[in-house]
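The structure appears below as structure tokens.
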Amino acid sequence: MSPALNDHASTLASLARQPRLALLIDLDGTLIPFAPTLEQAILTDDVAGRLRILTELGVQVIVISGRPRNHIDPLRRQVPGAWWFAEHASWRHDGSAWSGPARVNDPRALDGIAAQLGDLAGKFAGARVERKSLSCALHWRQVPPVARAAMTAAADVAIEEWLETHPDHERLEGVEMVEVRPRACHKGVAVAWARERLPDTHFLALGDDLTDEDMFRSLSDRDLAIAVGRPDRLSHARVYVADVPSAHQLLDWLAAVRGLHADQLPPIEDIDAGARETKRAPFVVIANRMPSARPVDRQRQVGGLVAALEPVLEKRGGVWLGWSGEVAEREPTLVVDATSRPARACFDFPAAWQEHFYGGLCNRAIWPLFHGFPGRVRYSDEDWVAYVDANATFARLAGELAAPDATIWVHDYQLLLTGAAMRHRAHTGPIGLFLHIPFPTAELFETFPWAGELLRAMLAYDLVGFHTQRYANNFIDALERVLGVDARDGTAHAAGRATRIAAMPIGIEPAAFRPDPTRPTSPEVDGLCAMLEDRKLVLGVDRLDYSKGVPERLAAFEHLLDRHPEWRRRVTFVQVSVPSRSDVPEYAELRQQVEYLVGHINGRFGDADWLPVRYLYRSYTHDVLSQLYRAADVALVTPLRDGMNLVAKEFVAAQDPERPGALVLSRFAGAAETLRSAVLTNPFHAEGMADDLHRALSMSEAERRERHAQMLAEVERETSHDWADRFLTTLRAQAREDAAHG
Ligand code: ADQ
């Protein structure tokens, strides 16, 4: 038995003897084995008897199920002393009556997705839609395996699309089912409610699927979560029992211990066994966000950071460390999934970080300042404290994961202090930072109240990489002005360490964006092309962020229709915006502003059969995105400021070299440094941008071909894999050199 498992076994033994103990237990997959239909999945009297005995022995039994209330009612009579939760934590029954959720969502909100999933279920024999009072689930246990992939892919698309306009709901993967439910109704709510009523009580929680993770993550350090079945996900449980019969055995053991009989503890296994192997990882990538383990999302990520780093992580046995995307009220602890590719380790943020670290210093201070929008910057001491704290925590957790001499690659503006915090913890291996956003001019940077602290911390890295030489030079200027450190030769020497400063533009994997001729065109792209008739398509694709200049782009399009009326009815502008940071008020305002402008232009110029602007607020898979890029006559990539901008490169890669579209590219995107054959434009000058768009629309095919060939050569010259190799080679060389001189 490993030492860790011994710890868990003794925690369980002492928990079992606590005078005040509550058992939080899931129903299906935990107490009741899965059966082909819900009707066959019954709570036998034998199992109910075990729960009754526990209640008689002073354990407060709390059953937390995803089932609707009418399924729970007959079961309640089998275990009279228990409390019951239905539909996760939407409804609760404490022995007297059902009470509803504190915040009731309008159940009709689900009608749209329920209808879509219903249609889908109608096409796949065995699929079943379950409509509950506040949520809606699609089950495919009975769908033949050959048809499942097609059905789940279609369900994924429908749900993703629906969620984009219903941010107060979320999707939840279950065992052979997926559910859409209000974010506020999860099993963690049941734990909080029980904790209020049961002060000084220890909690033992058992559950088998993802919905139970909300219950597990809400436990405190003195409670224990036990998974039923080895989780194939990142789990907050540290131990598991093999299956439902083992869970029953565990209940018998608990009753025996509390009844003061000796009994055999059933085998409990350590989930962390895999994680411990990863703990001494030789290579760790640290980024705020995690790559997704879900296939649909991963398809979206192809070509980005994950695609670039995945092979390196795999080759070197590395781990990706990041934020889980969840918030929890407890000390951040690592959850490791050593089986995913790449191996992933993540943790939940404390609630205060959401506001002060992520929403605060990162997105209200550094993001606008580094993009050159000082008017949008808000500084707050509390935000800075949270930033320091978050960076120190990332460093602590990376230290738990990495060997002391491991190579650490830190990404982006959220983690500028992490390298210094790791050095503080005596990390001896190479640590590099790549900044994905611009670095501002020294004059602007100096307005940052903690400019000195930030720069000093950045010099703890062996290598700091930027997209362009201009950003690297800005950084060098800032070192000179703020710290008096001379790094004009590309290396800064400070505090006995040398930091290499280099420009290393990120690329894409061009092959991933060439439309696959063997695959059918997506119905959505087909529909769009049919709607265009013989009009030209101007395309914009961005995350919805003020730095991307979407309102300015719309203004330019309006000028085009004003100044060049010959384009009216001959061109359609399709703007695709991926929802981004929609919980930050500025972003919600931006969305409204864009929607207003779209309505304004369409109202001014549109007629019964021509809509000048189509605005799609959603994300697409890369396959569909590539088809859209290829269908476009002109891409308008006009950020006000952008570190690099991958959309420009993806558009170039997706073109048919014989009949390519034209690229109108902002001079203020990092990509403009290499894509010199684009039509370069100034996004701050709407009329000028309208003229540049006119030029691109009017360009001859020969000129488009020539420009495209030059740009494609650039895109193919430096791919994302080359970029990752180059960064890591430079980092290792720098660390070796530093060690030789140190
Ligand atoms: P971002 O600001 O996110 O990245 P960008 O480089 O354009 O900007 O990358 C956006 C990615 O999202 C692209 O890969 C694109 O395909 C994808 N995307 C955009 N719209 C989409 C949609 N509707 N559906 C699906 N996918 C969509 C930051 C910096 C950039 C820098 C990158 C990488 O701000 O300047 O280029 O990191 O370093």
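Numbering starts at 1 and runs along the sequence shown. This one's a predicted model, so the numbers in the text were calculated from it and none came from an experiment. Counting convention: from 1, in listed order, for ligands and their atoms alike. The basis for the numbers below is simple: all heavy atoms, side chains too, and nothing from hydrogens, waters or symmetry mates.
A side-chain donor from one of N391 and T418 sits under 3.5 Å from a side-chain acceptor of the other. Residues N602 and Y615 have side chains that never bring a donor and an acceptor to within less than 3.5 angstrom of each other. Donor-acceptor pairing under 3.5 Å is lacking for the side chains of Y620 and Q627. If you check the side chains of E650 and Y629, you find a donor sitting under 3.5 Å from an acceptor.
Heavy-atom contacts of V576 reach the following atoms of ligand 1: 23 (N) (cutoff under 4.0 Å). Close approach of ligand 1 to K548 (heavy-atom distance below 4.0 Å) involves ligand atoms 1 (P), 2 (O), 7 (O), 8 (O). Heavy-atom proximity to E650, at under 4.0 Å, picks out these atoms of ligand 1: 13 (C), 14 (O), 15 (C), 16 (O). For ligand 1, the atoms lying closer than 4.0 Å to a non-hydrogen atom of H622 are 16 (O). Atoms of ligand 1 lying under 4.0 Å from any heavy atom of G643, numbered from 1 in the order shown and given with element: 35 (O). Per-residue contacts place L625 under 4.0 angstrom from the following atoms of ligand 1 (heavy atoms of the residue considered): 16 (O), 25 (C), 26 (N), 27 (C). Of all atoms in ligand 1, listed by their number and element, those nearer than 4.0 Å to a heavy atom of V647 are 7 (O), 15 (C). The ligand atoms of ligand 1 that sit less than 4.0 angstrom from a heavy atom of I506 are 38 (O).
Heavy-atom proximity to atom 9 (O) of ligand 1, evaluated over V541, D545, L646, is greatest for L646. Closest heavy-atom approach to atom 31 (C) of ligand 1 within the set R543, K649, H436: this belongs to H436.
By the 3.5 Å distance cut-off applied to N or O atoms, W367 is not counted among the residues near ligand 1. An N or O contact shorter than 3.5 Å links Y620 to ligand 1 by distance. For ligand 1, one of its N or O atoms has an N or O atom of M644 under 3.5 Å away. The shortest N or O to N or O distance between H467 and ligand 1 is under 3.5 Å. Close N/O approach between I437 and ligand 1 is not found [any backbone or side-chain N/O within under 3.5 Å].
Other residues, nucleotides and ligands contribute at most 12 non-hydrogen atoms within 6.0 Å of the CZ atom of R470.
A side chain to side chain contact (heavy atoms under 4.5 Å, CB included) with P639 is found for exactly one of N645, V647, D545, namely N645. When each of F439, F434, F727 is paired with H467, the ring pair (Phe, Tyr, Trp, His ring centres under 6.0 Å) condition holds for F434 and for no other.
A cation-pi geometry, defined here as NZ or CZ lying under 6.0 Å from the six-membered ring centre and within 45° of its normal, does not hold between R614 and F573.
With sequence neighbours excluded, the residues satisfying side-chain contact (heavy atoms from CB on, under 4.5 Å) with H371 are W367, F373, I437, P438, S547, R641.
The structure places NZ of K548 at 6.5 Å from CG of D542, a figure rounded to the nearest 0.5 Å.
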